[in-house]
Amino acid sequence: MELNQQTLLDMLYYMKLTREIETRIERKLYRQGKIVGGVYVGRGQEAIAVGSAIQLEKDDCICPSHRDMGAFLIRGITPREVFAQYMGRKTGVTKGKEANMHMGDMRRGIVAFVSMLADTVPVAAGIAMTFKMRKQANVVLCYFGDGATSRGDWHEGLNLASVQKAPVVYICNNNCYAYSTPLEKQMAVKDVAVRGAAYGMPGVTVDGNDVAEVFRATREAISMARRGGGPTLIECKTFRMTGHSAHDDVKYVEKELFEEWEKKDPILRLETSLLESKTVSQEAVKKLAARITREIDEALAIAENDPFPDPAETLDGVYADQSAEAPLAFANTFFSQVR
Amino acid sequence: MELNQQTLLDMLYYMKLTREIETRIERKLYRQGKIVGGVYVGRGQEAIAVGSAIQLEKDDCICPSHRDMGAFLIRGITPREVFAQYMGRKTGVTKGKEANMHMGDMRRGIVAFVSMLADTVPVAAGIAMTFKMRKQANVVLCYFGDGATSRGDWHEGLNLASVQKAPVVYICNNNCYAYSTPLEKQMAVKDVAVRGAAYGMPGVTVDGNDVAEVFRATREAISMARRGGGPTLIECKTFRMTGHSAHDDVKYVEKELFEEWEKKDPILRLETSLLESKTVSQEAVKKLAARITREIDEALAIAENDPFPDPAETLDGVYADQSAEAPLAFANTFFSQVR
Amino acid sequence: MAAVTYLEAIRQGIWEEMERDPTVFVLGEDVGRYGGAFKVTEGMIERFGEDRVVDTPISESAIVGAAIGAALMGMRPIAEMQFADFISCAFDQITNFAAKCRYRWNAGVPLVIRGPSGGGVHGGPYHSQNPEMYYVHTPGLKVVAPSTVYDAKGLIKAAIRDEDPVVYFEHKFLYRRLKETLPEGDWTVPIGKADVKRAGSDISVITYGAMVHLALEAAAALANEGIDLEVVDLRTLVPLDKERILDSVKKTSKAILLHEDVRTGGMAGELAALIVEEAFEYLDGPIMRITAPDTPVPYSPPLEEFFLPKTSDIIRVARRLAAY
Amino acid sequence: MAAVTYLEAIRQGIWEEMERDPTVFVLGEDVGRYGGAFKVTEGMIERFGEDRVVDTPISESAIVGAAIGAALMGMRPIAEMQFADFISCAFDQITNFAAKCRYRWNAGVPLVIRGPSGGGVHGGPYHSQNPEMYYVHTPGLKVVAPSTVYDAKGLIKAAIRDEDPVVYFEHKFLYRRLKETLPEGDWTVPIGKADVKRAGSDISVITYGAMVHLALEAAAALANEGIDLEVVDLRTLVPLDKERILDSVKKTSKAILLHEDVRTGGMAGELAALIVEEAFEYLDGPIMRITAPDTPVPYSPPLEEFFLPKTSDIIRVARRLAAY
Ligand SMILES: Cc1ncc(C[n+]2csc(CCOP(=O)(O)OP(=O)(O)O)c2C)c(N)n1
Ligand SMILES: Cc1ncc(C[n+]2csc(CCOP(=O)(O)OP(=O)(O)O)c2C)c(N)n1
Ligand SMILES: [Mg+2]
Ligand SMILES: [Mg+2]
C-alpha cells in the first residue's frame, strides 16, 4: 500500500474515530455507569494500530491488545458493535460473553485478546505458520505493550516465529508504563527493539506518535514477511495519555510528562501536517469531525437500545455441539473485504 | 580465586572425578540394571561446571542442571551419595524420593533441579535477590543448556534478575543439541550469548572445553555480581559426547562431529597442558587417576549395600509437620566449608 | 478500635507480620508506590522500603520463582497476583517447584501466593476466576479462602507463618463490602480448621469464600419455615478439616455442598467423596451440589447473574432436601 | 493383520488422520527425524514432510499457543508434550486460551494435546504425573485417557476429528506392554462414551487408564470368591458418560472409584458426587476410593510401589464392600 493522500486521509479518519469512540466510552458512558466492567483506552497511541493495520489485505490477521481500537475498526468492527460490546449487549461482537477489547471474529481476521498479557504472541506465530504451510502470502500483526514483553509467552512466541520464519509482525506500543510501573522497573534496556536481536529478527524503533513512521516501518516488515523473510519486531515509542484504566487516578505520572506528550499528539500532528501541506482544507477536517460524531451518535443510539443476552445463553457454546450457531473457524474462507 | 597451579590441579581432579563417576553410572551400573530410571551425563562438558563452581565461597549457591555433576561434587556431594541417589537408596541425597541429578541440599547451597527446563532460572534470581536484601556479598551460579533458553521462565528469570541487579551468573552449556534438536531448530541466532543484550546484561561466549577460559569468564562475572553490578550470561560452547540419555542411540549426530570434538576433550586438554608446562608429572597424573578409581570403588561398594527407603516413607515430608526431620531452610546458616 | 474492611484486614495482617519478622516481604506487580491494583499493599513501601516491597515486571512465573528462591533462603515472601486469574501463568512454578520441594529434597518453601479471586463484579472470564482446585489437587500446597474480615486477617497471618507454601485466595467481591471491628493484639486463625458460622440441626451447608454469606442469608430465610441450616465455612481447603465436616453431617444427616467455582472437579466433589466414604450410614438423603455451571465466567450482567450461585438456589435445594 | 502395541495404535491413528485430512499436522519437541521421545511420530516426517511434522524449540506454552493459532485457521494440530508432566508449562494457554475461545467469541479450536502420563516406570516426580484433573476442571476442554490398544487408536482419531480442544493422556506404562489385533478400515471410538470392560453384578469399579487392567485382574481373582465386579472404563473424563456410570451403580448398588492420580480433588471425587446426587437411593454401601496418596510420585522402587494403587488394594476393598 502506498502512503498517498488517500491513505493519509483514511488514517486520519480511523485515528479520529478511535479517539472519539474511546472518549465517549471513557468519559461519558463509563461515568454514566453504562459500561460493564473496566475501560482501557489508547488515547495518544492511535497512530500505532492505525498506521499498521491499515495496510492489511483481505486474508491477513490481527491479534490486537487492549489499546488497539483502531485495528478493530479497520478490520470492520463497527462502532455500534463496539458500544454494544462495552455495554454487555447481545449485539456486541462477543454477544455479552466477553468484556471490552476482547473482541474477536475470525471471519474478519481478528483474534480476541486474552487478558494474560502476551498470550497471543505464540498464537500469532501459529497463525503465521499456517499461512506459510498453505503458501498464502498473508501476514499477522500482533500487538502488545512494553509490559507484556516481560512474559514468558512473549519470549517463546517470538523465538518460535523466528525459527519458523513465520510471516508475523510484532508491534510493541512502548508507552513508558505498565500500569503504574515505569520502564526501568520492567527491563534493564532502554529500547524494547533490542530484544529482536535475541531472536535473530530485525528490531526497529519508531516514533509511535508519527503515523507515517509507523506506516513505513510496518510496510517494510509486512513486505519482508510476505516474501518469506520472517518476523520483525517494531517498537513504537508513545505515551499513555490516561490512567491505566478509567478508575486509575494516575498520580504516579508527573503532570509535565502529560503536557510534554500532549504536544506530540498523533492526531493533531497528522492533521496539522495535512493542513499545512494543503492536503486537506479546514473545511474538510470539520466535515470529517462532524461525520465521525454523527456515526458515533447513530451507533450509540442503536447500541443503547440493544438487548442484553438472555440469561440462559450462559450455558451455550462451551463446546461445539452446544453452539447456537455454526463455529467460525476457517478464518479466511469466509473473509470478505471490510473497508 | 587465583587461577594458580593448585586451582588447576583441583579442577583436573573434579573433572576426572566427574568423568569417572558418570562413566561408571552410564556404562556400568545402568547396563547392569542397577540404576533406577534415566541417566544423563555431561561427558565432554566437565570443564563448564568445574571451571565455574570451583570459585564459589561458603555461602554461595548453585542451581545445577542435568549435566553439571562437577558442581555437585565441588559443593560437597560425595560419590557415595551420588551412587546411592542414582540407585534410589535411602542414603542418596534425596533419600530415594527423587531421581539422579535432582540432588539438592540448602545446607550445601545446592538447589535441586526440576525437570521443567529453566524453572530454576527465576528461582536463582530470587536467591540472589535475597543476598542483595541481606547485603551478603554472595552469588548464585545457575546452569542450563541451550535448549532451556527457549522456555518462558528463562526469559522471565533473566529479565527479573537484571532489573533487580541480582548477583547471579547464568551459565549456558551450549552443546549444539537439545535432545535430538540441533541449534538451528531451536533459535535463529548462532550464539546464546547475544541474548544477554535483551536484558541489558553482558553476554559472553567462551570455549566451554577450555576450563581456564570458563574459569576466567566466570571469575569476572562473579566479581561483578559480588560488587553489585548485576548478572552476566556466559555461554560455554561445547558438545554432548553421548546421546541425550543412556538409552538414546544418537543416530542423528554425524560420527565426524564426535571425532572432531573428541580431540577437544576438556580433560585431555587440561592434562596435556599441565604435563607440557610440567605443572604435573606423568606420575602424578597416574596417581590422581588411581586415587579417583579408589574413591569411586569405595563409594560404590558402600552405596551398593545401602538400604532402600522404607515404603512407608512415601507418605513423609509432603508438609512440614509430617517431616521426619527438621526442615532445611535457612540455607546458609548451616553451611559449612565443603572442600 | 475502628471497624476495618476485609481488604484492610489483609493489609493489617501482612503489615503486622512485616513488623514482627524481618524475613517477610512482598513482591508483585504495582505493589510498591501504587499500593497494588486493589491497594492491599498501600503504604507498605513507605514504611518498609523498596527492598521489602518489590515491584516486579509482568512475570507471574518469575514472581513465584523468585519467591521460591527467597523462601529457600529462609525468607517469607508474599507474592501478589494482580488478579487470581493470572496465577495460571505461574502454575508450573507453583505446582512443580514450590509444592514439591519439601517432599523431594526436604527443603522448606514458606511462601504465600495471594490474589483477588471470584466474580460478581462484571470482570468477565479473566478477572473473575476461582482457581482454587488446581492447587487443592496439588499435594504440598495449602489452600486458604477466608469469608470474613476476622478470618481474612487471622489466616493471612497464619499463612505467612506457615512453613509450607500457602495459596491464599481473597474474594474481591468482599473486599470493601464487609466491615468488622477486630480484636487487638497478635492473633491468628489456624490453617486447617473449619468454622461453623451458624449452628443448625437439619442440613449442613458446607462452603467457603463469598458463598458463606449466601448460605447465611438462606439460613436466615429458611429459619422462618422451620428449616434449620448449619453453615460450615471450610476456611482452609487444604488441609481439610475432615472432622468438623463429618461431625456436622453426622449431626444433620443431610448436606448441601456449595461453591462459586465451576462444578466438574470442584471442591464439592471432594467433599461428597469424603462424606459418602466416612459418613455413609448417617446420610438421610442425597448430597446436593450448588455450584457455578461448567462455563467460563461470562461478562454481561444477566449472564454473570445466571452463572453465580444465588441465595434462592440454596433455599430451593434446601427445601427439597428437607422434604426428602 | 498383525497385532500392534498401544503406542503403535496411537501412531496409526494419527497417521491415518494425516492421510485423510491435509489440515492435520503434528508439532512438538523431537517429533521430526527423531520420531519423538517415545517414537510415537516415527516415520511421519519422511511421509508427510517438515511442514506437517514440526520440530519445535523447548517451549510448551508456544507449542500450544501455535497450535491454537493454527486451529483458529481451520487446521487440526496435534501438539505432543514430551512427557505429560511438562503440560504444566502450557497450562495457561490451554486453560485460558484454548478452552475458552469458543465460549468467549465462538471460535473453534480443534486441536489435540497429547503426551505420555502415568507412573510405574521409575520416572520420579516429573516423569510420572497424571495431570488430567487440571483439565477436567476446565470447562471447554475434553479429556481422554484410553486403557486399551483399540481405544487408544479409536480415541486419538476421534480426538483429531473433534471440533473442540482435546487433551489426550496416553499411559506410558501401557505403551509396549499391550498388544492387540485391530479391525481394518476407518473406525473411531466416540468421545464421551464409557465402556464396560467387564460386566458384573456386585460392585462397580469405575476407573480409567492403566488402572483398568488392575481392576480386571482383581475381578478375575475375586470371581473365585463369588464377588462379581463390573469394570467401567470411563475412557473419556470430559464429557463424562453419566448414564453409563449411573446405570452400573444402580445395578450393583456399590461402587469403587479407582485412579492412579492422587486423591484430593481427583476424579473419584467427581464420580462420588455424581453418584450420591443421582443414585443415592440405590446405594447399598459407602463409595470407596482407591487412589494414589496425596504426595508427589516418588522415585525409588519401594516408594513408587507403595504410591501406586495395586490389584491387592482393589481386592481388599472389594471384599470389605461386598461384606457390607
Ligand atoms: C499475565 C498478566 N498479568 C497481569 C495483568 C494485569 N495487567 C493488565 S494490563 C497491565 C499493564 C500492561 O502494561 P503494558 O503491557 O505496557 O501495556 P499498556 O497497558 O501500557 O498498554 C497489567 C499488569 C495481566 N493482564 N496479565
Ligand atoms: C519443559 C520441558 N520440556 C521438555 C523436557 C524434556 N527434555 C529433557 S532434556 C531436553 C533437552 C534439553 O536440551 P538442553 O537444554 O540443550 O540441555 P542438554 O540436554 O543439551 O544439556 C528435553 C527436551 C523437559 N525436561 N522440560
Ligand atoms: Mg505500557
Ligand atoms: Mg543442549
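Residue numbers begin at 1 in each chain, while the letters A, B, ... track the order of the sequences.
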Checklist entry - Strictly under 6.0 Å, is that where the ring centroids of D:Phe86 and D:His127 end up? => result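 Close enough - the centres of the two rings lie under 6.0 Å apart.
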
From [atom1] ([X]) to [atom2] ([Y]), nearest 0.5 Å:
X        : Y        : atom1 : atom2 : answer
A:Met129 : A:Arg134 : CE    : CZ    : 13.0 Å
D:Thr23  : D:Met18  : OG1   : CE    : 10.0 Å
A:Met87  : A:Ile25  : CE    : CD1   : 8.5 Å

[X] versus chain D, heavy atoms under 4.5 Å apart: side chain, backbone, both or neither?
X        : value
A:Thr314 : both
A:Val111 : both
A:Ile110 : backbone
A:Met133 : both

Could you tell me which non-hydrogen atom of [X] sits nearest to which non-hydrogen atom of [Y], and how far apart they are?
X        : Y        : result
D:Leu72  : D:Ala107 : CD2-CB, 3.7 Å
A:Gln85  : A:Glu98  : NE2-O, 3.4 Å
D:Pro125 : D:Asp85  : O-OD2, 3.7 Å

Next on the checklist: Does the structure place the NZ or CZ of D:Lys39 under 6.0 Å from the centre of the six-membered ring of D:Tyr34, at an angle of no more than 45° from the ring's axis?
Outcome noted: yes

Checklist entry - Any residues in residues 48-55 of chain D near chain A, with a heavy-atom distance under 4.5 Å, and which are they? => result D:Asp51, D:Val54, D:Asp55

Checklist entry - Could you name the residues of residues 233-246 of chain D that have a heavy atom within less than 4.5 Å of a heavy atom in chain A? => result D:Val238

Next on the checklist: Given D:Asp186, which partner from the list D:Arg20, D:Arg161, D:Lys153 fulfils the salt bridge (Lys or Arg N to Asp or Glu O under 4.0 Å) test?
Outcome noted: D:Arg161

Next on the checklist: So, applying salt bridge (Lys or Arg N to Asp or Glu O under 4.0 Å) with A:Glu81, which one of A:Arg108, A:Lys95, A:Arg75, A:Lys90 is it?
Outcome noted: A:Arg108

Item to check | Proximity breakdown for D:Lys100 and chain A, heavy-atom pairs closer than 4.5 Å | outcome: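 For D:Lys100, there is no contact with chain A at all, as no heavy atom is under 4.5 Å.
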
Next on the checklist: So for D:Ala67, is it side chain, backbone, both, or neither that comes closer than 4.5 Å to the heavy atoms of chain A?
Outcome noted: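 Neither; nothing under 4.5 Å.
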
Next on the checklist: Suppose we screen for side-chain contact (heavy atoms from CB on, under 4.5 Å). Which residues come up paired with A:Thr149, at least two apart in sequence or across chains?
Outcome noted: A:Phe144, A:Trp154, A:Cys172, A:Met187, A:Val192, A:Arg195

Checklist entry - Can you list every side chain to side chain donor-acceptor pair (under 3.5 Å) pair that touches residues 119-131 of chain A, not counting sequence neighbours? => result A:Asp119-A:Arg151

Item to check | Partner chain A: residue of D:Asp162, D:Leu141, D:Ile63, D:Ile68 with the largest heavy-atom pair count (under 4.5 Å) | outcome: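 Most pairs with chain A among the choices: D:Leu141.
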
Checklist entry - Any side-chain donor paired with an acceptor under 3.5 Å for A:Glu57 and A:Asn138? => result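 A:Glu57 vs A:Asn138: no donor-acceptor pair found between side chains.
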
